[in-house]
Asker: 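Can you keep this structure in mind? I'll have questions shortly.
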Amino acid sequence: MDLPRRFTIRESSHRLLNPFTSEKLAGLGQSISPAPGTRVLDLACGKGELLCTWARDHGVTGTGVDISTVFVGDARARAVELGVADRVGFVHGDARGYIVDEPVDIAACVGATWIGPGVAGTVGLLRRSLAPGGMMLIGEPYWRREPEDEATVKGCGFAREDDLLSLPELLAQFGDLGCDVVEMTLADQDSWDRYVAAQWLNIRRWLDSNPDDELADEMRAELATAPVRHARYQREYLGWGVFVLMDH
């Protein structure tokens with residue numbers, strides 16, 4: 001059980017595996033101000049940047065779960081680097097269906113609601129680990145602009161337009177699921193640029209070092225098309241944000 005190598009190649013230099021900057025992550029932490037000792041569960045945690053930096057900055061404790069052995073290894077190294085390895089731990093495993101024995105104060109899935117599958121299922125999964133009065137963090141894309149045609153939808157990486165909602169529709173969905181939206185921090189176009197453009201350099205450096213790898217042709221083809229696709233579709237049409245929810 002592991003993540004395909006193409007993902008770890010693309011995101012080899014990233015600390016955040018979504019269009020969210022370190023500044024926005026820190027600002028979100030300041031907005032909700034978790035108290036020292038707050039228990040956090042982060043499903044599909046990637047390289048563990050949320051848990052590690054919030055442990056350093058706010059004194060939270062908790063567990064991250066991710067399917068990638070590479071990302072979990074990076075998360076553990078980051079915890080050591082920041083001096084918080086005694087407060088946060090990381091589990092290599094499938095976040096789908098992962099439930100803690102002792103309820104947590106914050107349950108998060110920041111950018112991987114496919115584990116639910118979908119927003120509704122992910123909210124339901126997080127609730128099963130959440131203490132009464134706790135917070136859920138959901139990271140989710142939405143349409144910044146209504147896509148004009150099928151090419152735009154596919155260029156943004158989706159099969160159908162209704163795979164995503166607009167921002168007002170997404171906020172309404174959270175309400176329909178019995179949640180109050182109590183905070184949100186949204187990515188912007190620069191956030192997308194920093195996330196996506198960094199992948200191009202990672203791919204190019206990997207190709208230079210691994211010209212004969214079995215993935216080389218696939219990664220070369222991706223590098224040849226990704227910048228134009230991002231500028232034409234993703235940058236203009238895709239929004240992304242982290243939404244803080246509490247049950248009614």
Asker: Applying side-chain contact (heavy atoms from CB on, under 4.5 Å), name anything that partners Glu183, two or more places apart in sequence or on another chain.
Answerer: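 For Glu183, the residues satisfying side-chain contact (heavy atoms from CB on, under 4.5 Å) (neighbours in sequence not counted) are Leu28, Ser31, Ile32, Val244.
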Asker: Answer whether the closest heavy-atom distance between the side chains of Ile9 and Leu215 falls below 4.5 Å.
Answerer: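 Side chain of Ile9 against side chain of Leu215, heavy atoms only: contact under 4.5 Å found.
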Asker: Taking all non-hydrogen atoms of both residues, which atom of Gly241 and which atom of Leu186 are closest, and how far apart?
Answerer: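 Scanning both residues completely, I find the closest heavy atoms to be CA-CD2, 3.9 Å.
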Asker: Once the angle between the rings of Phe174 and Phe243 is folded into 0 to 90°, is it parallel (under 30°), tilted (30 to 60°) or perpendicular (over 60°)?
Answerer: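 Rings of Phe174 and Phe243: tilted, as their planes differ by 30° to 60°.
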Asker: Can you tell me if Arg96 has over 12 outside heavy atoms packed within less than 6.0 Å of its CZ?
Answerer: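 Atom CZ in Arg96 is not crowded, with 12 or fewer foreign heavy atoms closer than 6.0 Å.
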Asker: Quick one: do Gln189 and Gln234 satisfy side chain to side chain contact (heavy atoms under 4.5 Å, CB included)? Show the steps, please.
Answerer: CA-CA 9 Å; Gln189 288 178 308; Gln234 297 165 329; over 6 Å; no
Asker: Does NZ or CZ of Arg76 fall inside the cone over Phe90's six-membered ring, less than 6.0 Å from its centre and within 45° of the axis?
Answerer: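 No - Arg76 does not lie over the ring of Phe90 by the 6.0 Å and 45° rule.
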Asker: Charged N to carboxylate O under 4.0 angstrom, Asp163 versus Arg160?
Answerer: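 Judged by the 4.0 Å cut-off on N to carboxylate O distance, Asp163 and Arg160 do form a salt bridge.
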Asker: Do the non-hydrogen side-chain atoms of Leu137 and Leu50 ever get within less than 4.5 Å of each other?
Answerer: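 Leu137 vs Leu50: side chains touch.
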Asker: Would Leu25 end up clustered with Leu51 when hydrophobic side chains under 4.5 Å apart are linked, directly or stepwise?
Answerer: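 In one cluster: yes.
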Asker: What I want to find out is whether Glu49 reaches Lys24 closely enough, with some N-O distance under 4.0 Å, to be called a salt bridge.
Answerer: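 No, no charged N to carboxylate O under 4.0 Å.
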Asker: Is the NZ or CZ atom of Arg229 both under 6.0 Å from the centre of the six-membered ring of Tyr233 and within 45° of that ring's axis?
Answerer: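 Here Arg229 fails the 6.0 Å and 45° test against Tyr233.
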Asker: Count I, L, V, M, F, W, Y as connected when their side-chain heavy atoms are under 4.5 Å apart, and connections chain through other members. Are Trp240 and Leu167 then in the same cluster?
Answerer: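 No; tracing contacts between hydrophobic side chains, which count when under 4.5 Å, never links both residues.
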Asker: Return the set of residues passing salt bridge (Lys or Arg N to Asp or Glu O under 4.0 Å) with Asp180 (not counting sequence neighbours), or none when no residue passes.
Answerer: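 Counting only residues at least two positions away or on another chain, Asp180 forms no salt bridge (Lys or Arg N to Asp or Glu O under 4.0 Å).
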Asker: Taking the side chain as every heavy atom from C-beta outward, state whether Val72 and Asp74 have any atom pair closer than 4.5 Å.
Answerer: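 A side-chain contact is absent here, since even the closest heavy-atom pair is not under 4.5 Å.
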Asker: Does either side chain, that of His230 or that of Asp193, offer a donor lying less than 3.5 Å from an acceptor on the other one?
Answerer: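 Side chains of His230 and Asp193: pair found under 3.5 Å.
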Asker: Side chains of residues 107-127: which donor-acceptor partners sit under 3.5 Å, not counting sequence neighbours?
Answerer:
unit_1 : atom_1 : unit_2 : atom_2 : d
Thr113 : OG1    : Glu140 : OE1    : 2.7
Thr122 : OG1    : Thr113 : O      : 3.0
Thr122 : OG1    : Gly116 : N      : 3.3
Thr122 : OG1    : Gly118 : O      : 2.8
Arg127 : NE     : Asp247 : OD1    : 2.8
Arg127 : NE     : Asp247 : OD2    : 3.4
Arg127 : NH1    : Leu177 : O      : 3.3
Arg127 : NH2    : Leu177 : O      : 2.5
Arg127 : NH2    : Asp247 : OD1    : 2.8

Asker: What I'd like to find out is whether the side chain of Leu238 reaches to under 4.5 Å of the side chain of Trp143, using heavy atoms alone.
Answerer: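 Counting from C-beta outward, Leu238 and Trp143 do come under 4.5 Å.
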Asker: Please round to the nearest 0.5 Å and tell me the distance separating atom CZ of Arg194 and atom CG of Leu16.
Answerer: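 Between atom CZ of Arg194 and atom CG of Leu16 there are 13.5 Å.
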Asker: Only counting residues at least two apart or in another chain, list the ones meeting salt bridge (Lys or Arg N to Asp or Glu O under 4.0 Å) with Asp86.
Answerer: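 Counting only residues at least two positions away or on another chain, Asp86 forms no salt bridge (Lys or Arg N to Asp or Glu O under 4.0 Å).
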Asker: Measuring only between side-chain heavy atoms, which start at C-beta, is Ile203 closer than 4.5 Å to Glu222?
Answerer: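 Counting from C-beta outward, Ile203 and Glu222 do come under 4.5 Å.
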Asker: Taking all heavy atoms of Tyr98 and all of Asp94, pick out the closest pair and write down the distance.
Answerer: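 Heavy atoms only, the tightest pair is CB-O, 4.1 Å.
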Asker: Looking at NE2 of His248 and SG of Cys179, how far apart are the two atoms once the value is rounded to the nearest 0.5 Å?
Answerer: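 Taking NE2 in His248 and SG in Cys179, the distance rounds to 7.0 Å.
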Asker: Decide yes or no for Val40 and Val104: does some side-chain heavy atom of the first lie under 4.5 Å from some side-chain heavy atom of the second?
Answerer: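 Heavy-atom side-chain distance check fails, nothing below 4.5 Å.
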Asker: Let me see the working for Arg220 and Arg204 under side chain to side chain contact (heavy atoms under 4.5 Å, CB included), right down to the final yes or no.
Answerer: CA-CA 8 Å; Arg220 165 55 63 186; Arg204 175 53 195 261; 4.3 Å; yes
Asker: With side chain to side chain contact (heavy atoms under 4.5 Å, CB included) as the criterion, how do Leu245 and Val181 come out once you've worked through the C-alpha distance, each side chain's angles and the decisive distance to 0.1 Å?
Answerer: CA-CA 5 Å; Leu245 315 176; Val181 180; 3.8 Å; yes
Asker: I'd like to know if Val91 and Leu3 are part of one continuous hydrophobic network [Ile/Leu/Val/Met/Phe/Trp/Tyr, side-chain heavy atoms within less than 4.5 Å].
Answerer: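 Different clusters: Leu3 never reaches Val91 through Ile, Leu, Val, Met, Phe, Trp or Tyr contacts under 4.5 Å.
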Asker: Check this for me, if you would: do Glu236 and Arg232 make a salt bridge, where the nitrogen-to-carboxylate-oxygen distance has to be below 4.0 angstrom?
Answerer: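 Looking at Arg232 together with Glu236, the answer is no, because their closest N to O distance does not fall below 4.0 Å.
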Asker: Give a yes or no answer on whether the side chain of Asp105 reaches the backbone of Arg39 with a donor-acceptor pair at less than 3.5 Å.
Answerer: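 Confirmed, Asp105 side chain pairs with Arg39 backbone.
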Asker: I want to check something: taking the side chain as every heavy atom from C-beta on, are Thr21 and Tyr195 in contact at a cut-off of under 4.5 Å?
Answerer: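 The answer is no; the side chains never approach within 4.5 Å.
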Asker: Checking the side chain of Ser209 only, and the main-chain atoms of Trp206 only, is there a donor and an acceptor separated by less than 3.5 Å?
Answerer: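 Looks like no, no N/O pair under 3.5 Å.
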Asker: When you measure from the side chain of Asn210 to the backbone N and O of Asp213, does any donor-acceptor pair fall under 3.5 Å?
Answerer: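 Flag not set: sc Asn210 to bb Asp213 has no pair under 3.5 Å.
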Asker: Salt bridge or not between Glu161 and Lys154? Use side-chain N to carboxylate O under 4.0 Å.
Answerer: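 Salt bridge absent between Glu161 and Lys154.
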Asker: Below 4.5 Å, heavy atoms only, C-beta onward: do Tyr237 and Arg144 meet side chain to side chain?
Answerer: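 A side-chain contact is absent here, since even the closest heavy-atom pair is not under 4.5 Å.
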Asker: With a 3.5 Å cut-off and sequence neighbours excluded, list the donor-acceptor pairs that the side chains of residues 57-67 form with protein atoms.
Answerer:
unit_1 : atom_1 : unit_2 : atom_2 : d
Asp66  : OD1    : Cys45  : N      : 3.3
Asp66  : OD1    : Gly46  : N      : 2.8
Asp66  : OD2    : Ser68  : N      : 2.9

Asker: Group every Ile, Leu, Val, Met, Phe, Trp and Tyr by side-chain heavy-atom contacts under 4.5 Å, then state whether Ile99 and Met136 land in the same group.
Answerer: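 In one cluster with Ile99: Met136, yes.
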Asker: Of all heavy-atom pairs between Ala159 and Val153, which one has the smallest distance, and what is that distance?
Answerer: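 Here Ala159 and Val153 meet closest at C-CG1, 4.0 Å.
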Asker: Are Lys47 and Glu11 within salt-bridge range, i.e. N to O under 4.0 Å?
Answerer: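 Result for this pair is no, no salt bridge flagged.
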Asker: Heavy atoms only: give me the nearest Leu170-Pro141 pair and the separation to one decimal.
Answerer: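 Residues Leu170 and Pro141, closest heavy atoms: CD2-O, 4.3 Å.
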Asker: Identify the heavy atoms of Ala187 and Pro19 that sit nearest to each other, and give their distance.
Answerer: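 Scanning both residues completely, I find the closest heavy atoms to be CB-O, 3.0 Å.
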Asker: Treating Ile, Leu, Val, Met, Phe, Trp and Tyr as nodes and any side-chain heavy-atom pair under 4.5 angstrom as an edge, say whether Leu43 and Leu130 lie in one connected cluster.
Answerer: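 As far as the 4.5 Å side-chain criterion goes, Leu130 and Leu43 are connected within one cluster.
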Asker: With side chain to side chain contact (heavy atoms under 4.5 Å, CB included) as the test, would you mind laying out the steps for Phe7 and Val70 before giving the verdict?
Answerer: CA-CA 10 Å; Phe7 292 97; Val70 172; over 6 Å; no
Asker: Please list, chain by chain and in numerical order, all residues satisfying ring pair (Phe, Tyr, Trp, His ring centres under 6.0 Å) with Trp192, sequence neighbours excluded.
Answerer: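 Expected list: none.
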Asker: Can you tell me how far CZ of Arg145 sits from OH of Tyr142, rounded to the nearest 0.5 angstrom?
Answerer: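 Result: 14.0 Å between the selected atoms.
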Asker: Where is the tightest heavy-atom contact between Cys52 and Ala75, given as atom of each residue plus distance?
Answerer: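 The answer is SG-O, 3.8 Å.
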